[in-house]
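First the proteins, then the strands, lettered A, B, ... as listed; each starts at 1.
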There are 2 protein chains.
Amino acid sequence: MGYLRTGELARRAGVNVETLHFYERKGLLPEPPRRASGYREYPAESVRLIRFIKRAQELGFSLNEIHELLALRVRPGVTCAQVRERAERKSAEVRRKIADLKAIERALRKLTASCSGRGPVAICPVLEYLEGDML
Amino acid sequence: MGYLRTGELARRAGVNVETLHFYERKGLLPEPPRRASGYREYPAESVRLIRFIKRAQELGFSLNEIHELLALRVRPGVTCAQVRERAERKSAEVRRKIADLKAIERALRKLTASCSGRGPVAICPVLEYLEGDML
DNA sequence: CTAAGGCCCGTACCTTGGTACGGAGTCAAG
DNA sequence: CTTGACTCCGTACCAAGGTACGGGCCTTAG
């Protein structure tokens, strides 16, 4: 059988069953077909979807934003131009996050380096990257 | 005078006063000196600290994690080795976030590209990056 | 066929990260 | 020396994102 029941999907995706129901109510997870008994039958690829949601959350996207990301598929009723515009906006946002994370990473590396040798250590390297005029 | 009162700090950092008190209670914002009346006197650099906290939140760090980041300053009582180890762990986490964001950005760019010309569009480019074996 | 374990759904509860309120004291311009 | 804006603190409330519970039906190995 190429389908998963709730518990199996939850186990494979590393969340619990209630979370799946919760995502379904929120519209993040499309309602899967049911068997006669009412049991859900998820396609196997749902695992990737759930994991995507979890990763995106760790990257600072809210469930609403993730919804927007997932809605960025070209479908009848939505024009290409609309999709493109939203994609570009999101893309800019993502690039900015990357830049900020790189700055943090640089600061952390500096801290590691300053600690690996002897000699005086920086006072607060983590905040260092803020020296530039960041609004 | 080189100090800020609560309202001024809040205004400059783009948060509101209650948030400052909240951060102080949580230990994220060190308790500033007070004048006789009880009014807080923040050093001007607190603005950067608050902004750092807000940015880090947008990058998916919880207040507790931000606390850990901020605690990564070398101080008496903490050995260099400890600081270094924590910094390295955080650094790995940050690199992973960067990699994930880059994948998302690639997917978004592909989507933009597929939409800019004529021709058939991808079905769900945003999820595409998950094709690789990502756990 | 029957018992253990899944699943259904609804409701209640929880944590995180704030916001709002309100009474009382403080500061500074006029 | 008053008046309006600011500050204090405590308590209450709020939204997001789940988590737990419980009664009742399904399923499947033995």
Side-chain angles (χ1 to χ4, degrees), chain A residues 1-44 46-47 49-71 93, chain B residues 1-44 46-47 49-71 93:
Chain A
M1 307 94 183
Y3 66 85
L4 302 171
R5 295 199 301 196
T6 315
E8 184 62 10
L9 174 57
R11 200 187 57 69
R12 291 200 198 178
V15 300
N16 59 33
V17 173
E18 289 89 346
T19 303
L20 296 179
H21 294 345
F22 177 74
Y23 287 168
E24 189 175 310
R25 281 200 298 286
K26 290 281 173 177
L28 279 164
L29 190 54
E31 294 195 29
R34 308 282 191 118
R35 49 163 73 182
S37 61
Y39 280 30
R40 290 167 178 82
E41 293 186 342
Y42 291 102
S46 300
V47 177
L49 175 55
I50 305 297
R51 298 218 264 237
F52 174 79
I53 294 170
K54 290 319 261 181
R55 273 319 276 150
Q57 277 187 303
E58 289 170 30
L59 298 170
F61 295 100
S62 70
L63 292 187
N64 276 339
E65 288 172 324
I66 293 168
H67 197 76
E68 284 170 34
L69 277 175
L70 292 173
E93 195 183 323
Chain B
M1 299 98 182
Y3 67 85
L4 303 170
R5 294 200 301 195
T6 315
E8 184 60 12
L9 174 56
R11 199 188 58 69
R12 292 200 197 179
V15 301
N16 58 34
V17 173
E18 289 88 346
T19 303
L20 296 179
H21 294 346
F22 176 74
Y23 288 169
E24 189 175 309
R25 280 200 299 285
K26 290 281 172 175
L28 278 165
L29 190 54
E31 295 195 28
R34 309 281 192 117
R35 50 164 71 184
S37 61
Y39 280 30
R40 291 167 179 81
E41 293 186 343
Y42 290 101
S46 300
V47 177
L49 175 55
I50 305 298
R51 297 219 264 238
F52 174 79
I53 293 170
K54 291 318 261 181
R55 274 317 278 151
Q57 277 187 303
E58 288 170 32
L59 298 170
F61 295 99
S62 67
L63 292 187
N64 275 338
E65 287 171 325
I66 294 168
H67 197 76
E68 284 171 34
L69 278 174
L70 292 174
E93 194 183 324

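The CZ atom of Arg11(B) sits 13.5 Å away from atom OG1 of Thr6(B), with the distance rounded to the nearest 0.5 Å.
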Go through the steps to decide whether Arg5(A) and Glu8(A) satisfy the test salt bridge (Lys or Arg N to Asp or Glu O under 4.0 Å), and finish with yes or no. CA-CA 5 Å; Arg5(A) 295 199 301 196; Glu8(A) 184 62 10; over 6 Å; no
Side-chain polar contacts of residues 23-32 of chain A - donor-acceptor pairs under 3.5 angstrom, sequence neighbours left out - could you list them?
residue: Tyr23(A); atom: OH; partner: Lys54(A); partner atom: NZ; Å: 3.3
residue: Glu24(A); atom: OE1; partner: Arg40(A); partner atom: NE; Å: 2.9
residue: Glu24(A); atom: OE2; partner: Arg40(A); partner atom: NH2; Å: 3.4

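Between the side chain of Arg51(B) and the main chain of Arg12(B), a donor-acceptor pair closer than 3.5 Å is present.
Judged as a salt bridge (charged side-chain N to carboxylate O under 4.0 Å, His left out), and not counting sequence neighbours, the contacts of Glu68(A) are Lys90(A). For Asn64(A), the side-chain contact (heavy atoms from CB on, under 4.5 Å) partners are Ser62(A), not counting sequence neighbours. In this view, Glu41(A) and Arg35(A) satisfy the side-chain hydrogen bond (donor to acceptor under 3.5 Å, both in side chains) rule, not counting sequence neighbours.
Atom CD of Glu24(A) is separated from atom P of dG17(D) by 17 Å (rounded to the nearest Å). In this entry the distance linking NE2 of His67(A) with P of dG17(D) reads 12 Å, nearest Å. As a whole-Å value, the separation of Glu8(A) CD from dG5(C) C1' is 14 Å. For the pair Leu4(A) CG and dC7(C) P, the interatomic distance rounds to 10 Å; values are reported in whole Å. Atom OH of Tyr42(A) is separated from atom P of dG6(C) by 16 Å (rounded to the nearest Å). To the nearest angstrom, P of dG18(D) lies 12 Å from CG of Leu29(A). Summarising the geometry, the separation between CG on Leu20(A) and P on dC8(C) is reported as 9 Å, rounded to the nearest angstrom. Taking atom CD of residue Glu41(A) and atom C1' of nucleotide dT27(D), one finds them 13 Å apart after rounding to whole Å.
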Nucleotides 18-30 of chain C: protein proximity per nucleotide (B base, S sugar-phosphate only, - neither; heavy atom, under 4.0 Å): BSB----BBS---
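Two residues, Lys26(A) and Arg40(B), neighbour DNA chain D, and the one matched to the more 5' nucleotide by heavy-atom proximity is Arg40(B).
Using a 4.5 Å cut-off on side-chain heavy atoms (C-beta onward), Leu63(A) and Phe22(A) make contact.
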Give me, pair by pair, the N or O atoms of the protein and of nucleotides 1-3 of chain C that are less than 3.5 Å apart, along with how far apart they are.
none

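Within the 4.0 angstrom heavy-atom criterion, no nucleotide atom of any strand lies near Arg11(B).
Applying the 4.0 Å criterion to OP1 and OP2 of dG6(C), one finds that Thr6(A) has every side-chain N and O outside that range.
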